[in-house]
Amino acid sequence: MANSKLYEQKVKRLTDVAQGRIPDRVPICAVMETYALVYSGTPLQEAATSIRKNVEGHAKIYNDIYYDASYIPTLTHAWELNWNLGTDVYFISADGFTEQHNEYAPMTPEDYPALTANPTQWIFDEFLPRKFSSYDASNEAQKKAFLASTKDVLGYAATNMYANYLYKKQDTPVMAGGACIMPLDFIFDYLRGFRPTVADLRRHKEDVMAAVDALADFSIDLTEISYLFGAMSVGPALTAKNAARKFATGKPFEYASFPWVLNPCHIPAFISPEQFRDIYFPGYKKVAEHIHSHGGHLVSIIEGEWGSKLELFQELPDNSVTVIVENDDPLFVKKAMPNQSIMAGLPLETLRDGTRDQCIDAAKRMVDELAPGGHFFFSTGNKVLLSAADGNPENIRAVNEFVHGYGLYY
């Protein structure tokens, strides 16, 4: 399916900002997940079990309200895959729309040496059977679990294919062509959990640092595999070449200039500047530089408040990263990392409770402060939109229409 002129204009606008060029106007990006299902009236349970409802339930808002891009096209997790693997890590909140998760991270401090020695082997041989009950079973039960998970993976790929078709038909580029988890975030999110990881940084610092170093290549591998799953949005020609490079020829993997690699950063808000500098950032830097050197662009959600930690981003190659700002002052962030791009939006409280004029006034101030010199994407809110309480759709519509008309460079 050929891309429309409007679609290509939007992609150029996005890549201009990411690569440090001045675009024709400020791009408006949706940092939105299950709020899109609320808008379309599609319960999460239905979206999780139907490809059509998943994609169309997420896409409706982009057909009704102006956006230059969505950051994801559908649900962020393959729910049926998790259910068939015997885990309730992800669950649906009482409102029927919002995704939540239980923390279940069964690694122990004694596992660090084995993880460091061979991350892939330890994760597949030791960790996954602990986390997913269907893999911790007899050979016959494991075979059934594997076959069921294969079906779910193919369903996830089919969802991406349909999403690519529908979003292009609606002239909505999707920013995320793949996903990335940084080494210490991988330990924090999946292996050890919140409190144990924070404790390990004090009690087992050397073990954690060794594991972070070992997991950098593992993070790069996972990123490349996820980019292959974004095949339809990346393009079949590059995907075919990359599949051969990854599994046959050994040639370097290549990223497209668009779509990008999405990266949620979770632990930095909970660690000290020294821990960030010494333990978190070296792994982040290695992965970010690898993606940039192979033609890609990293979009990191800097969850919580980072403050002076962001000054280390000046060590990264110019125009290699865009950060999605949450609690930090966006103007401070832009000054702290002048050679990267930022994505920032209105406080959700304003978007939810403010009048139309109050929202537009706040958006005008943001554009006036942050747009000069480029390197700025406007996002509707300052956090990922999840539930009905996160924003008034009429305010969203008014703000986006205003920024689209006001945020002109030439």
Looking at every heavy atom in both [X] and [Y], which two are closest together, and how far apart are they?
| X | Y | answer |
| --- | --- | --- |
| Phe332 | Ser308 | CZ-N, 4.2 Å |
| Ala269 | Trp306 | N-NE1, 4.2 Å |
| Pro259 | Met175 | CB-O, 3.2 Å |
| Glu315 | Glu289 | O-OE2, 4.1 Å |
| Cys180 | Val287 | SG-CG1, 3.6 Å |
| Ala256 | Leu238 | N-CD2, 3.7 Å |

Can you tell me how far the [atom1] atom of [X] sits from the [atom2] atom of [Y], to the nearest 0.5 Å?
| X | Y | atom1 | atom2 | answer |
| --- | --- | --- | --- | --- |
| Tyr409 | Arg13 | OH | CZ | 11.5 Å |
| Leu6 | Thr172 | CG | OG1 | 8.5 Å |
| Ile279 | Thr197 | CD1 | OG1 | 11.0 Å |
| Gln45 | Thr49 | CD | OG1 | 5.5 Å |
| Leu75 | Thr159 | CG | OG1 | 8.5 Å |
| Leu44 | Lys53 | CG | NZ | 12.5 Å |

4.5 Å side-chain heavy-atom contact, [X] and [Y]:
| X | Y | answer |
| --- | --- | --- |
| Met32 | Tyr62 | yes |
| Tyr284 | Leu184 | no |
| Asp390 | Leu351 | no |
| Leu222 | Ile181 | no |
| Arg21 | Thr15 | yes |
| Pro268 | Phe281 | no |
| Val11 | Asp68 | no |
| Phe188 | Leu201 | no |

Worksheet item: So Glu254 and Arg245, salt bridge (charged side-chain N to carboxylate O under 4.0 Å, His left out) or not? Walk me through it.
Response: CA-CA 9 Å; Glu254 293 181 6; Arg245 290 182 176 110; 3.3 Å; yes

Should [X] and [Y] count as an ion pair when the cut-off is N to O under 4.0 Å?
| X | Y | result |
| --- | --- | --- |
| Asp64 | Lys60 | yes |
| Glu8 | Lys5 | no |
| Asp24 | Lys10 | no |

Discussion item. Run the side-chain hydrogen bond (donor to acceptor under 3.5 Å, both in side chains) test on Asp368 and Tyr406 for me, step by step, so that the C-alpha distance in whole Å, both residues' side-chain angles and the decisive distance to 0.1 Å come before the verdict.
Written reply: CA-CA 10 Å; Asp368 289 344; Tyr406 182 74; 2.6 Å; yes

Worksheet item: Is there a salt bridge (charged side-chain N to carboxylate O under 4.0 Å, His left out) between Arg192 and Asp111 once you walk through the steps?
Response: CA-CA 10 Å; Arg192 286 287 283 147; Asp111 290 319; over 6 Å; no

Verify the distance criterion only: is there a donor paired with an acceptor across the side chains of [X] and [Y] at less than 3.5 Å?
| X | Y | answer |
| --- | --- | --- |
| Tyr280 | Asp185 | yes |
| Asn160 | Tyr165 | no |
| Asn54 | His58 | yes |
| His266 | Glu303 | yes |
| Ser341 | His375 | yes |
| Thr322 | His297 | yes |
| Tyr227 | Thr239 | no |
| Asp95 | Thr98 | yes |

Fill in: Passing option when Glu326 is tested against Asn382, Ile301, Ile302 for side-chain contact (heavy atoms from CB on, under 4.5 Å)
Ile301

Item to complete: Kindly indicate, with the supporting measurements, whether the criterion side chain to side chain contact (heavy atoms under 4.5 Å, CB included) is fulfilled by Cys359 and Phe402.
Response: CA-CA 10 Å; Cys359 290; Phe402 168 78; over 6 Å; no

Item to complete: Name all residues meeting the side chain to side chain contact (heavy atoms under 4.5 Å, CB included) criterion together with Ala214; count only those two or more places apart in sequence or in a different chain, and write none if there are none.
Response: Thr116, Pro119

Please confirm whether [X] and [Y] have ring centers closer than 6.0 angstrom.
| X | Y | value |
| --- | --- | --- |
| Phe186 | Phe218 | yes |
| Tyr190 | Phe127 | no |
| Tyr255 | Trp260 | no |
| Tyr162 | Tyr167 | no |

Check for a donor-acceptor pair, side chain of [X] on one end and backbone N or O of [Y] on the other, with a separation under 3.5 Å.
| X | Y | answer |
| --- | --- | --- |
| Asn263 | Val299 | no |
| Gln121 | Asn118 | no |
| Ser293 | His290 | yes |
| Lys334 | Leu370 | yes |

Worksheet item: Is it the case that more than 12 heavy atoms not belonging to Tyr66 sit under 6.0 Å from its OH atom?
Response: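 For Tyr66, atom OH is crowded (more than 12 foreign heavy atoms under 6.0 Å).
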
Worksheet entry | Heavy atoms from other residues, nucleotides or ligands near NZ of Lys246 exceed 12 (cutoff 6.0 Å) | yes

Discussion item. Is there a side chain to side chain contact (heavy atoms under 4.5 Å, CB included) between Tyr35 and Ile61? Walk through the geometry before answering.
Written reply: CA-CA 9 Å; Tyr35 183 87; Ile61 194 168; 4.1 Å; yes

Worksheet item: Can you list the residues that meet the ring pair (Phe, Tyr, Trp, His ring centres under 6.0 Å) rule with Tyr112, with sequence neighbours excluded?
Response: none

Practice prompt. Could you check Glu99 against Thr76 for side chain to side chain contact (heavy atoms under 4.5 Å, CB included), going step by step and ending with a plain yes or no?
Written response: CA-CA 9 Å; Glu99 174 181 311; Thr76 55; 3.6 Å; yes

Item to complete: Starting from the C-alpha separation in whole Å, work towards a yes-or-no answer on salt bridge (charged side-chain N to carboxylate O under 4.0 Å, His left out) for Glu349 and Arg352.
Response: CA-CA 5 Å; Glu349 297 81 6; Arg352 180 188 64 221; 5.4 Å; no

Practice prompt. Decide yes or no on side chain to side chain contact (heavy atoms under 4.5 Å, CB included) for Met337 and Val323, but give the supporting numbers first.
Written response: CA-CA 10 Å; Met337 39 183 295; Val323 298; 3.8 Å; yes

Listed pairs under 3.5 Å, donor-acceptor, residues 204-213 side chains, sequence neighbours left out:
none

